[in-house]
Peer 1: 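One structure is given below, represented as structure tokens, and several questions about it will come after.
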Amino acid sequence: GLSKLNGHLKPRYVRVNTLKMDVDSAVQELEKHYTVQRDETVPDLLVLPPGSDLHAHRLVANGRIFLQGKASSMVAAALQPEAGWEVLDACSAPGNKTIHLAALMQGQGKIIACELNEERVKRLEHTIKLSGASNIQVFHGDFLGLNPKDPSFAKVRAILLDPSCSGSGTITDRLDHLLPSHSADNMNYDSMRLHKLAVFQKKALAHALSFPQVERVVYSTCSIHQIENEDVVSSVLALASSLGFKLATPFPQWQRRGLPVFAGSEHLLRMDPVEDKEGFFIALFVKTNKLDNPKP
Ligand code: SAM
């Protein structure tokens, strides 16, 4: 079906779970059967030929590598959490980015993984178990219901917000639009759905910025729609600036930036569904007083 087509178009990306295996060893193992390259953007990401089927691979089964796309792997990397930090993953299931955070933090510090949907909490718990991470605390509930002033969040330094979105950047979604069933009624339904999603995305991003000790917030979607991307970011700019946040530039070497719809949108990162084979969006907010401090 469509996912097969997908597999032929895109290279197969695998992220090495550095909690269990180092990148060199993973390359050595995979090179026995595949042509393996290192991704130029994300250090723990490997690129294999399109169509490489690793679903049954031993390294996948034992959680040493995860089948995670490039865009998805750029999100936790954009947040740059430091080892020992407390980090909140606001919308976390199935947990691909949660366990990437854990790996980037070298298993140190603490991650709170929030997820609203009970079925998806189970998938999240499975992913965490497979990753071997021991510093992730799962919270089953509504991110918007978390009180930023609650003492349990007093030390949270970074938030990853990857909320529900239309998924319009994924090829399956785009091909759905070519089906004959895609009538005017569907289009109307789509625009209402987009509007509802955007309302939630705006609330969630404003909420993330309001945690008192947070100095880095990443907002990401796998959508190509301005209404879920640039418009969400621009809706919180005044609030962000009043709290001391500025837009920072994730992966400055990346060419494709936000749509030029407000001053500062050049900081945003976009991936194009055709050119980059995946539609995606990343925004990074950083507290201004932390912007110029070089890392120790
Ligand atoms: N970050 C995940 C990953 O990389 O594996 C994918 C997250 S998915 C795009 C969005 C998730 O947010 C869904 O699992 C959805 O159930 C959850 N969600 C939606 N509304 C939420 C809310 N109000 N609070 C917490 N989680 C929510």
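Whatever order the structure lists them in is the order used to number ligands and atoms, beginning at 1. The model shown is predicted, which means the values in this text are computed figures rather than measured ones.
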Peer 1: Just verifying a value: how many Å separate Tyr219 OH and Cys165 SG, rounded to the nearest 0.5 Å?
Peer 2: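 Here the interatomic distance stands at 7.5 Å.
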Peer 1: Judged by non-hydrogen atoms, does Cys165 sit under 4.0 Å from ligand 1?
Peer 2: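 No, Cys165 has no heavy atoms under 4.0 Å from ligand 1.
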Peer 1: Does Leu144 come within less than 4.0 angstrom of ligand 1, counting non-hydrogen atoms of the residue?
Peer 2: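 It does not; every heavy atom stays at 4.0 Å or beyond.
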Peer 1: Among Glu119, Glu125, Glu118, exactly one meets salt bridge (charged side-chain N to carboxylate O under 4.0 Å, His left out) together with Lys122. Which residue is that?
Peer 2: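 Of Glu119, Glu125, Glu118, salt bridge (charged side-chain N to carboxylate O under 4.0 Å, His left out) with Lys122 is met by Glu119 alone.
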Peer 1: Can you list the atoms of ligand 1 that are under 4.0 Å from a heavy atom of Gly95?
Peer 2: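 Selected atoms, number and element: 3 (C), 5 (O).
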Peer 1: Distance to 0.1 Å, residue and atom name: give those for the protein heavy atom nearest to atom 4 (O) of ligand 1.
Peer 2: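 Checking every protein heavy atom, the shortest distance to atom 4 (O) of ligand 1 gives Lys97 NZ, 2.8 Å.
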Peer 1: If you count every heavy atom of other residues, nucleotides or ligands that lies below 6.0 Å from Lys203 atom NZ, does the total exceed 12?
Peer 2: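 Atom NZ in Lys203 is not packed in, count stays at 12 or less.
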Peer 1: Test of understanding: given a 4.0 Å heavy-atom threshold, classify the contact between Arg120 and ligand 1 as side chain, backbone, both, or neither.
Peer 2: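 It is the side chain that touches ligand 1; the backbone stays farther off.
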Peer 1: Evaluate the criterion salt bridge (charged side-chain N to carboxylate O under 4.0 Å, His left out) for residue pair Glu230 and Arg270; output intermediate values, then yes/no.
Peer 2: CA-CA 10 Å; Glu230 287 84 359; Arg270 263 188 181 256; 2.8 Å; yes
Peer 1: Return the residue, atom name and 0.1 Å-rounded distance of the protein heavy atom closest to atom 10 (C) of ligand 1.
Peer 2: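 For this ligand atom, the closest protein heavy atom is Asp162 O, 3.4 Å.
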Peer 1: Could you find the nearest protein heavy atom to atom 24 (N) of ligand 1 and give me its residue, atom name and distance?
Peer 2: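 Checking every protein heavy atom, the shortest distance to atom 24 (N) of ligand 1 gives Phe143 N, 2.9 Å.
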Peer 1: Please indicate whether any nitrogen or oxygen in Asn96 is less than 3.5 Å from any nitrogen or oxygen in ligand 1.
Peer 2: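 The answer is yes, given that Asn96 and ligand 1 share an N or O pair closer than 3.5 Å.
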Peer 1: Give the residue, atom name and distance (to 0.1 Å) of the protein heavy atom nearest atom 20 (N) of ligand 1.
Peer 2: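 Looking at atom 20 (N) of ligand 1, the protein heavy atom closest to it is Phe200 CZ, 3.6 Å.
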Peer 1: Specify the closest pair of heavy atoms between Ser166 and Glu228, including all atoms of both residues, with the distance to one decimal.
Peer 2: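 Closest approach of Ser166 to Glu228: OG-OE1, 2.5 Å.
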Peer 1: What protein heavy atom sits nearest atom 15 (C) of ligand 1, and how far away is it?
Peer 2: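 Heavy-atom neighbour on the protein nearest atom 15 (C) of ligand 1: Glu115 OE2, 3.4 Å.
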Peer 1: Once you restrict to heavy atoms under 4.0 Å, what part of Ser92 touches ligand 1? Side chain, backbone, both or neither.
Peer 2: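 Within the 4.0 Å criterion, Ser92 contacts ligand 1 through backbone atoms alone.
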Peer 1: List the closest protein heavy-atom neighbour of atom 12 (O) of ligand 1: residue, atom name, distance to the nearest 0.1 Å.
Peer 2: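 Going atom by atom, the protein heavy atom closest to atom 12 (O) of ligand 1 ends up being Cys91 CB, 3.1 Å.
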Peer 1: Numbering the atoms of ligand 1 from 1, which are under 4.0 Å from a heavy atom of Asn117?
Peer 2: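 Taking each heavy atom of Asn117 in turn, ligand 1 has 16 (O) under 4.0 Å.
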Peer 1: Show which atoms of ligand 1 fall inside a sub-4.0 Å distance from at least one heavy-atom site of Gly141.
Peer 2: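 Answer for ligand 1: 24 (N), 25 (C).
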Peer 1: Between Tyr34 and His57, how do the two ring planes meet: parallel, tilted or perpendicular, split at 30° and 60°?
Peer 2: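 Plane angle between 30° and 60°, so tilted.
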Peer 1: From atom 19 (C) of ligand 1, work out which of Pro163, Ser164, Gly69 has a heavy atom at the shortest distance.
Peer 2: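 Answer by nearest heavy atom: Ser164.
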Peer 1: Suppose we measure from atom 7 (C) of ligand 1 to each protein heavy atom; which comes out shortest, and what is that distance?
Peer 2: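 Ranking protein heavy atoms by distance from atom 7 (C) of ligand 1, first comes Ala93 O, 3.1 Å.
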Peer 1: Residue-level breakdown please: for Ala90 versus ligand 1, do any non-hydrogen atoms fall below 4.0 Å on the side chain, on the backbone, on both, or on neither?
Peer 2: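 The part of Ala90 near ligand 1 is the backbone, not the side chain.
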Peer 1: On a heavy-atom basis, which atom in Ser73 and which in Gln68 lie closest, and how many Å separate them?
Peer 2: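 Minimum heavy-atom contact is OG-CG, 3.4 Å.
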Peer 1: Report the nearest protein non-hydrogen atom to atom 22 (C) of ligand 1: residue, atom name, distance rounded to 0.1 Å.
Peer 2: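 Residue, atom and distance for the closest contact: Asp142 OD1, 3.6 Å.
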Peer 1: In terms of heavy-atom contacts, does CD of Gln213 have more than 12 from other residues, nucleotides or ligands at under 6.0 Å?
Peer 2: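 Open: at most 12 neighbouring heavy atoms sit under 6.0 Å from CD of Gln213.
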Peer 1: Is atom CD of Glu31 surrounded by more than 12 heavy atoms (other residues, nucleotides or ligands) closer than 6.0 Å?
Peer 2: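 Enclosed.
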Peer 1: Mind checking the CZ-CG spacing from Arg257 to Leu269? Nearest 0.5 Å is all I need.
Peer 2: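 So the gap between those two atoms works out to 4.5 Å.
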Peer 1: Can you see whether Thr98 engages Asp89 through a side-chain donor-acceptor pair at a distance of less than 3.5 angstrom?
Peer 2: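 Yes.
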